[in-house]
**Student:** 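Before anything else, here's the structure in question.
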Amino acid sequence: MKKILSLFAILLMAISASAQEKVLFDPEASYGNGAILSSENTVLELGNDRATANYNMTLAATKAYCSDLFGQKVMVENSDTHEMEEKTRVAYVYGANNPLDGELDADDKSTGISYSPSSGNLPQSGTYYMITPAKDGHITAFIVLNANKNLYVVKGSTGECLPVSALTLKADGSSPTVTALNDDYTVAAKTTGTIEFDVFGGETYYVFCTGSKLSFGGYVFVEGVVEPEPVDTRERVMFDPQGTYGNGATLTSEHTQVVLGNDRATANYNLALAATKAYCSDLLGQKVMVENSETGVMEEKTRVVYVYGANNPLDSLLNDEDKSRGVSYDPAIGNLPQSGTYYMITPSIDGHVTAFIILNANKKLYVVKGSTGECLPVSALTLKADGSSPTETALNDDYTLAAKTTGTVEFDVDANETYYLFCTGSKLSFGGYLFEVRTVIPEPIDTREIVKFSADGTYGNGAIETSEHTQVVLGDDRTTKNYNLKFAVTNTYCSNLLGQKGMVENSETGEMEEKTGVWYVVGDQNPKDGALDGDKSTGSGYKPSTRNLPESGTYYMITTTIPGHITAFVIVNASKNFYVVKKSNGECLPVDSLTLKADGVEPTEVTLNEDFTLSSKMTGTVEFNVEANETYYVFCTGSKLSFGGYEFVSGNGGGNGGESILGDANGDGEINITDVTIMVDYILTKNTQHINIANANVNGDEEVNITDVSILVDMILNNHSSE
């Protein structure tokens with residue numbers, strides 16, 4: 001973390017000086033309750049130590065490290081000669097009361113109790129210091145810390161103290177010496193030096209120690225990008241061995257809940273104890289009283305408390321006899337259970353679930369998304385058998401195991417999605433779970449949008465179809481009649497991409513049958529560069545040399561508000577010139593920037609000739625990159641292009657839609673400090689919005705990292721040369 005910040009600071013200093021601000025105490029001033037010192041981007045406020053007296057002010061004779069950071073020139077009396085001499089000292093303050101969570105009493109004494117990380121009870125009286133930065137950055141503060149006193153840096157918004165690992169102590173000397181802060185936030189010996197920690201803009205940080213009055217001599221603030229703190233939350237959801245759990249019973253943790261399915265209306269789920277080994281005992285074990293089978297005496301043992309139902313999970317409601325009804329879950333259908341034994345886990349934040357289960361042999365184990373009925377793939381589930389240590393167990397491709405297994409299943413979960421956990425043909429035993437919050441690294445693609453035509457729609461001149469970030473407008477084909485709407489029965493590739501259901505006549509039986517295909521539109525007029533004459537297009541066909549955009553006939557205009565990648569369904573006739581043209585300059589995208597794929601069980605790439613023609617008719621897709629706020633005309637000359645909508649993907653496909661410029665991370669056609677900022681943001685947060693990964697990978701090693709940023713800074717300073 002600190003290494004990344006340092007590298008970033010060094011790189012930016014090559015262009016402009018980093019913001020570094022000092023907040024120091026004036027040795028001639030006095031500082032009472034609520035006294036404020038500030039810099040351009042920070043505010044320091046002193047806590048409520050004494051209502052009728054100021055904080056104590058003194059001077060520390062420090063060595064090179066702290067003198068260089070915080071030293072001020074002051075007049076000090078020479079103890080031998082009694083003459084005043086100019087010396088370098090650090091001016092610092094300290095109070096008269098230990099920090100406590102109650103208000104000052106009438107005698108200027110702090111009241112209440114000391115801060116506890118578990119309770120988050122912030123100080124309200126005594127000696128404490130509140131630092132509020134306006135921007136993200138790094139604080140290095142001067143302190144004098146007594147031995148065996150707990151030193152805390154606490155967020156005012158939550159009462160949460162920064163972990164020991166986020167605090168760096170350095171003792172004063174000719175050079176700084178890193179000093180270990182113990183796990184209980186204490187040091188073994190009194191330390192004069194500095195405490196360092198990262199800060200986020202707008203957050204207030206309380207700095208103090210318990211059982212003592214922390215001496216504090218100001219700080220240095222360095223502005224910079226702070227990596228988001230990893231969220232370290234582990235929550236256990238377990239069953240109470242004395243509890244009863246019927247239909248809809250709910251167990252919760254801070255960020256999750258699990259709801260039991262509709263197994264029996266008139267009886268509870270069965271509750272049992274599993275004598276587990278170290279792995280599962282450590283994970284979800286509880287102390288319970290168990291009868292010794294030999295002596296009959298009750299003994300305390302570690303067990304996992306689990307539940308199971310009486311009915312297999314099926315997709316219809318319970319009947320009057322408490323029996324589940326319907327059929328078992330089928331991944332092809334997505335028919336969620338409505339009765340029987342199943343468990344519904346819903347997190348409020350992205351994370352990872354490790355659930356205790358007992359799975360019988362040859363029974364299919366599923367984790368299914370409630371929003372879609374889609375089951376997680378085998379590759380997304382990790383099974384581990386219980387033992388002195390966990391043993392990973394392979395789940396077969398059909399979601400079964402060869403032998404009965406007691407252990408855990410693990411899987412990632414998305415916020416606010418409900419996950420159904422069950423097995424078909426059996427009653428899955430379930431013993432709760434461990435939930436761990438995870439900081440999700442965004443996928444390379446951050447937005448995926450589909451634009452399709454409706455089977456019931458009519459589409460005339462200027463008809464518009466939209467998604468969140470895109471729109472397509474149909475050209476001026478006919479003023480008195482709509483574009484023709486047709487249905488193409490497609491294979492797996494195009495059906496998966498843009499498929500919808502349509503009724504098609506069976507040529508043998510004459511009966512109408514439902515098929516999956518693509519609804520598409522096609523006009524009656526070839527695209528030309530003149531206005532419509534009645535219902536006829538006029539003028540000439542487009543030529544790359546003249547850049548004469550169509551004004552009438554069959555053409556489609558796609559515009560996106562952010563950079564990305566278009567995959568559009570088209571039917572292109574043989575020997576017709578197929579073009580994708582920028583509206584802003586009339587320039588057609590080159591052949592090598594267009595990817596055509598023919599429909600099939602899998603897509604087959606098709607070669608577009610140098611004259612923008614195909615040797616044979618193709619039903620499939622065309623792909624190309626798009627710029628933000630540019631309009632792309634899609635059409636072919638001498639023909640009416642059939643067009644069935646598109647998929648838009650933002651992020652990596654962005655850039656300038658044509659020539660790639662190394663270092664142009666935001667795809668605006670220029671290389672400047674904005675590109676540096678976007679690349680650093682991506683490195684620290686993996687945020688892919690508005691970054692062109694190919695352009696940002698300046699050194700061509702297939703990764704975007706600090707090396708690329710360094711090269712880019714050098715390019716900016718040396719007139720954009722990437723050679």
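Quantities reported herein were computed from a predicted structural model and do not represent experimental measurements.
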**Student:** Is there side-chain contact between V288 and V290, with at least one heavy-atom pair below 4.5 Å?
**Tutor:** yes
**Student:** Could you go step by step and tell me if Y92 and F25 meet the ring-ring contact (aromatic ring centres under 6.0 Å, His included) rule?
**Tutor:** CA-CA 6 Å; Y92 69 90; F25 293 98; 9.0 Å; no
**Student:** Can you name the closest pair of heavy atoms from F70 and G217 and give their distance?
**Tutor:** CD2-O, 4.0 Å
**Student:** Aromatic ring centroids of Y306 and F239 under 6.0 Å?
**Tutor:**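 No, the ring centres sit 6.0 Å or more apart.
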**Student:** Without swapping roles, check the side chain of Y128 against the backbone of Q124 for a donor-acceptor pair under 3.5 Å.
**Tutor:** yes
**Student:** Checking side-chain polar atoms at under 3.5 Å, does E203 have a donor or acceptor matched by the opposite partner on S157?
**Tutor:**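 On atom types as modelled, these side chains qualify, holding a pair under 3.5 Å.
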**Student:** Salt-bridge test for E392 and K384: reply yes if a basic N is under 4.0 Å from a carboxylate O, no otherwise.
**Tutor:** no
**Student:** Have Y269 and T244 got a donor and an acceptor in their side chains that come within less than 3.5 Å?
**Tutor:** no
**Student:** Would you sort out whether T179 and T191 count as a side-chain hydrogen bond (donor to acceptor under 3.5 Å, both in side chains), showing the intermediate values?
**Tutor:** CA-CA 9 Å; T179 302; T191 299; 5.0 Å; no
**Student:** Any side-chain donor paired with an acceptor under 3.5 Å for T302 and K287?
**Tutor:** yes
**Student:** Measuring from T192:OG1 to D172:CG, what's the distance to the nearest 0.5 Å?
**Tutor:** 7.0 Å
**Student:** Just by modelled atom types, is the E160 backbone N or O under 3.5 Å from a matching donor or acceptor in the T158 side chain?
**Tutor:** yes
**Student:** Might you confirm whether atom NZ of K190 has over 12 heavy atoms from other residues, nucleotides or ligands at distances under 6.0 Å?
**Tutor:** no
**Student:** Assess the side chains of T111 and D105: does a donor N or O sit below 3.5 Å from an acceptor N or O?
**Tutor:** no
**Student:** Might you point out which heavy atoms bring N182 and A188 nearest each other, and give the distance in Å?
**Tutor:** ND2-N, 4.2 Å
**Student:** Between K149 and T210, do the side chains contain an N or O donor and an N or O acceptor separated by less than 3.5 Å?
**Tutor:** no
**Student:** Rounded to the nearest 0.5 Å, what's the gap from CD on Q286 to OG on S281? Could you check?
**Tutor:** 11.0 Å
**Student:** Does the pair S38 and V23 meet the rule for a side chain to side chain contact (heavy atoms under 4.5 Å, CB included), with working shown?
**Tutor:** CA-CA 6 Å; S38 64; V23 170; over 6 Å; no
**Student:** Please evaluate residues D136 and E223 with respect to the criterion side chain to side chain contact (heavy atoms under 4.5 Å, CB included), reporting the C-alpha separation (whole Å), side-chain torsions for both, the decisive distance (0.1 Å), and the verdict.
**Tutor:** CA-CA 6 Å; D136 296 347; E223 179 187 344; over 6 Å; no
**Student:** When you compare the side chain of V237 with that of T252, does any pair of heavy atoms fall below 4.5 Å?
**Tutor:**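 Not touching, per the 4.5 Å side-chain cut-off.
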**Student:** Set out, in order, the CA-CA distance, both residues' side-chain angles and the distance that settles side-chain hydrogen bond (donor to acceptor under 3.5 Å, both in side chains) for N48 and S125, then state yes or no.
**Tutor:** CA-CA 5 Å; N48 298 318; S125 60; over 6 Å; no
**Student:** Using a distance-only test with no angle check, is there a side-chain donor-acceptor pair under 3.5 angstrom linking S253 and E235?
**Tutor:** yes
**Student:** Whether the E417 and T346 side chains hold a donor-acceptor pair (N or O, under 3.5 Å, no angle test) is what I'd like checked.
**Tutor:**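 Their side chains do not contain a donor-acceptor pair, so the 3.5 Å distance test is not met.
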**Student:** When you compare the side chain of T408 with that of Y433, does any pair of heavy atoms fall below 4.5 Å?
**Tutor:**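 Heavy-atom side-chain distance check fails, nothing below 4.5 Å.
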**Student:** Please check if the side chain of T250 supplies one atom and the backbone of G248 the other of a donor-acceptor pair under 3.5 Å.
**Tutor:**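 Yes, the answer is positive, given that a donor and an acceptor are paired below the 3.5 Å cut-off.
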**Student:** What are the two closest heavy atoms between T88 and G71, and how far apart are they?
**Tutor:** CG2-CA, 3.7 Å
**Student:** Is it the case that the side chains of H352 and E436 hold a donor-acceptor pair, with the cut-off being a distance below 3.5 Å and no angle test?
**Tutor:**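 No donor-acceptor contact under 3.5 Å links the two side chains.
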**Student:** Pick one: which of L104, N56, D108, T127 meets side chain to side chain contact (heavy atoms under 4.5 Å, CB included) with D49?
**Tutor:** T127
**Student:** Can you name the closest pair of heavy atoms from G246 and L260 and give their distance?
**Tutor:** O-CB, 4.0 Å
**Student:** Mark yes or no for whether D101, through its side chain, and I113, through its backbone, hold a donor-acceptor pair below 3.5 Å.
**Tutor:**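 Looks like yes, one N/O pair under 3.5 Å.
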**Student:** Once you round to the nearest 0.5 Å, how far does OG1 of T194 lie from CD1 of I143?
**Tutor:** 7.5 Å
**Student:** If I compare all heavy atoms of T354 with all of Y279, which pair ends up nearest, and what's the gap?
**Tutor:** CG2-OH, 4.1 Å
**Student:** Does any part of the side chain of I195, heavy atoms only, come nearer than 4.5 Å to the side chain of L167, both counted from C-beta?
**Tutor:**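 Yes, at least one pair of side-chain atoms sits under 4.5 Å.
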**Student:** Are any of the side-chain heavy atoms of F142 and L24 separated by less than 4.5 Å?
**Tutor:** no
**Student:** If you measure from CD on E45 to OG1 on T204, what distance do you get to the nearest 0.5 Å?
**Tutor:**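 The distance works out to 8.5 Å.
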**Student:** Go through the steps for L145 and C209 under the test side chain to side chain contact (heavy atoms under 4.5 Å, CB included), then give the verdict.
**Tutor:** CA-CA 8 Å; L145 175 63; C209 60; 4.0 Å; yes
**Student:** Determine, stepwise, if the pair N78 / E85 fulfils side-chain hydrogen bond (donor to acceptor under 3.5 Å, both in side chains).
**Tutor:** CA-CA 7 Å; N78 184 307; E85 300 174 347; 2.9 Å; yes
**Student:** With ring-ring contact (aromatic ring centres under 6.0 Å, His included) as the criterion, how do Y206 and Y152 come out once you've worked through the C-alpha distance, each side chain's angles and the decisive distance to 0.1 Å?
**Tutor:** CA-CA 8 Å; Y206 284 58; Y152 294 114; over 10 Å; no
**Student:** Under 3.5 Å, is there a donor-acceptor pair between the side chain of R236 and the main chain of L283?
**Tutor:**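 Yes, because the side chain of R236 sits within donor-acceptor range (under 3.5 Å) of the backbone of L283.
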**Student:** If only atom types and distance count, is the side chain of Y205 paired as donor or acceptor with the main-chain N or O of F200 below 3.5 Å?
**Tutor:**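 Yes, Y205 side chain to F200 backbone: donor-acceptor pair under 3.5 Å.
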**Student:** Does one side chain, of N41 or E21, offer a donor that lies under 3.5 Å from an acceptor on the other?
**Tutor:**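 Yes, E21 and N41 have a side-chain donor paired with an acceptor closer than 3.5 Å.
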**Student:** Does a side-chain heavy-atom distance below 4.5 Å link Y219 with V207?
**Tutor:** no
**Student:** Closest approach of I345 and P347, non-hydrogen atoms and distance?
**Tutor:**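 Result for this residue pair: O-CD, 3.9 Å.
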**Student:** Quick one: does any side-chain atom of Y55 pair with a main-chain N or O of R50 as donor and acceptor, under 3.5 Å?
**Tutor:**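 Such a contact is absent between Y55 side chain and R50 backbone.
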**Student:** Below 4.5 Å, heavy atoms only, C-beta onward: do D350 and V413 meet side chain to side chain?
**Tutor:**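 In short, these two side chains do not touch, never coming nearer than 4.5 Å.
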**Student:** With a 4.5 Å limit on heavy-atom distance, are the side chains of F221 and H138 in contact?
**Tutor:**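 No, side chains not in contact.
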**Student:** Do E299 and N292 have side-chain atoms, one donor and one acceptor, less than 3.5 Å apart?
**Tutor:** yes
**Student:** Go through Y129 and F208 one step at a time and tell me if the ring-ring contact (aromatic ring centres under 6.0 Å, His included) criterion holds.
**Tutor:** CA-CA 7 Å; Y129 312 93; F208 59 92; 9.4 Å; no
**Student:** Test side chain to side chain contact (heavy atoms under 4.5 Å, CB included) on V43 and I36; report intermediate values, then the result.
**Tutor:** CA-CA 7 Å; V43 172; I36 293 177; 3.7 Å; yes
**Student:** To the nearest 0.5 Å, how far apart are CD in E254 and CD1 in I349?
**Tutor:** 8.5 Å
**Student:** To the nearest 0.5 Å, how far apart are NZ in K22 and CD in Q72?
**Tutor:**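 The NZ atom of K22 sits 9.0 Å away from the CD atom of Q72.
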